[in-house]
Amino acid sequence: MRRKLVAGNWKMNGSLAANAALLAGIKAESAGSRCDVAVCVPAPYLAQCQSLLVDSPIALGAQDVSMHESGAYTGEVSAAMLREFDCRYVIVGHSERRSYFGESDALVASKTLRALASGLIPIVCVGESLAQREAGQTEAVVLMQLDAVLKQLPVDDVSRIVVAYEPVWAIGTGRTATPEMAQEVHAVLRERLAQISEAAAAEVKILYGGSMKPDNAAELMAMQDIDGGLIGGAALKVADFLAIVSKV
Ligand code: 13P
């Protein structure tokens, strides 16, 4: 049985004061939760959040990582740096990075490899746009995104990733995939993992992301292949995030 994971993606939100309040609230109430809990915070706040999460079961994550190991790459943050702040997870290939910053499937694959090489767990995001869904291309799009990563990974490393299915049309829109729609895509993704390794497919968590809220989290996470959530807006409110965690 895969343990579920609820991860907050704070995106470019927060301040020293707001982060402290948010983490204090989450920490106080999430002890003893039945799932793994993580927060993926903006890079400048890693040190703050690391120290606020000492002795807490809540894991720390980042939202992006460089494909390069180190060197003259102005503005980039390396996987080794993230590890120094006790990051356990890093999101790679979020649709906002793909669409606003031109990240290609190949770059996402390189970032995934770099994260794994440093001992981070990459949360590899895939998802189709509304136009792609309406054109019946959902499966083809998400499989192409996943395959770009899988073809670079040694088979033994496949079980070390987390996948997040985030339909672009559901992100920040309040429009969520129905549990059945999401399950259908999750099953396709798991089937592809199984073609490489049955054991890995049984182990890899596949999260759903896109307007997951307290009122739809339970039914989404009840689906067979949905192993948790990657939460945007609702991760910025203590009560909402905790309510989602409690639905597991
Ligand atoms: P929302 O929950 O705000 O739709 O964002 C989802 C997301 O992009 C998480 O990575």
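Counting convention: from 1, in listed order, for ligands and their atoms alike. Excluded from the calculations below are hydrogen atoms, water molecules and symmetry mates; all remaining heavy atoms, backbone and side chain alike, are included.
When hydrogens are left out, the protein atom nearest atom 9 (C) of ligand 1 is Glu166 OE2, 2.8 Å; that is the closest non-hydrogen contact. Here the heavy atom of the protein found nearest to atom 3 (O) of ligand 1 is Gly233 N, 2.8 Å. Counting protein heavy atoms only, atom 5 (O) of ligand 1 is closest to Lys11 NZ, 3.2 Å. Protein heavy atom nearest atom 2 (O) of ligand 1, with residue, atom name and distance: Gly232 N, 2.9 Å.
In terms of the salt bridge (charged side-chain N to carboxylate O under 4.0 Å, His left out) criterion, residue partners of Asp64 (sequence neighbours excluded) are, by chain and number, Arg97, Lys111.
Only the side chain of Asn9 comes within 4.0 Å of ligand 1, judged by heavy-atom distances.
Under the 4.0 angstrom criterion for non-hydrogen atoms, Lys213 is not in contact with ligand 1. Residue Ala170 places a heavy atom under 4.0 Å from ligand 1. For the ligand labelled ligand 1, residue Ala234 lies outside the 4.0 Å heavy-atom shell.
Judged by distance alone, the side chain of Gln132 and the main-chain N or O of Ser129 form a donor-acceptor pair under 3.5 Å. Distance alone, capped at 3.5 Å, is enough to place a donor-acceptor pair between the Lys27 side chain and the Leu52 backbone. Without hydrogens or angle criteria, Gln183 side chain to Asp225 main chain gives a donor-acceptor distance under 3.5 Å. Remark: the backbone N or O of Ser33 is not paired with any side-chain donor or acceptor of Ser30 at under 3.5 angstrom.
Considering backbone and side-chain atoms alike, Ile231 places every N or O at 3.5 Å or more from each N or O of ligand 1. On a distance-only criterion, Thr173 and ligand 1 share no N/O pair closer than 3.5 Å. Here's the thing with Gly210: none of its N/O atoms is less than 3.5 angstrom from an N/O atom of ligand 1. Looking at Glu96 next to ligand 1, no N or O pair under 3.5 Å apart turns up.
For CD of Gln137, the number of neighbouring non-hydrogen atoms (other residues, nucleotides, ligands) closer than 6.0 Å is greater than 12.
A salt bridge between Asp147 and Arg192 is present, with a side-chain N of the basic residue lying under 4.0 Å from a carboxylate O of the acidic one.
Near Ser211, meaning under 4.0 Å from any of its heavy atoms, are these atoms of ligand 1: 1 (P), 2 (O), 4 (O). Close contacts of ligand 1 with Gly172, meaning ligand atoms under 4.0 Å from a residue heavy atom, involve 1 (P), 3 (O), 4 (O).
Using bins of under 30°, 30° to 60° and over 60° for the plane-to-plane angle, the ring pair Tyr165/His186 lands in the perpendicular bin.
For the side chain to side chain contact (heavy atoms under 4.5 Å, CB included) with Cys35, the lone residue among Leu5, Val245, Ile244 that qualifies is Val245.
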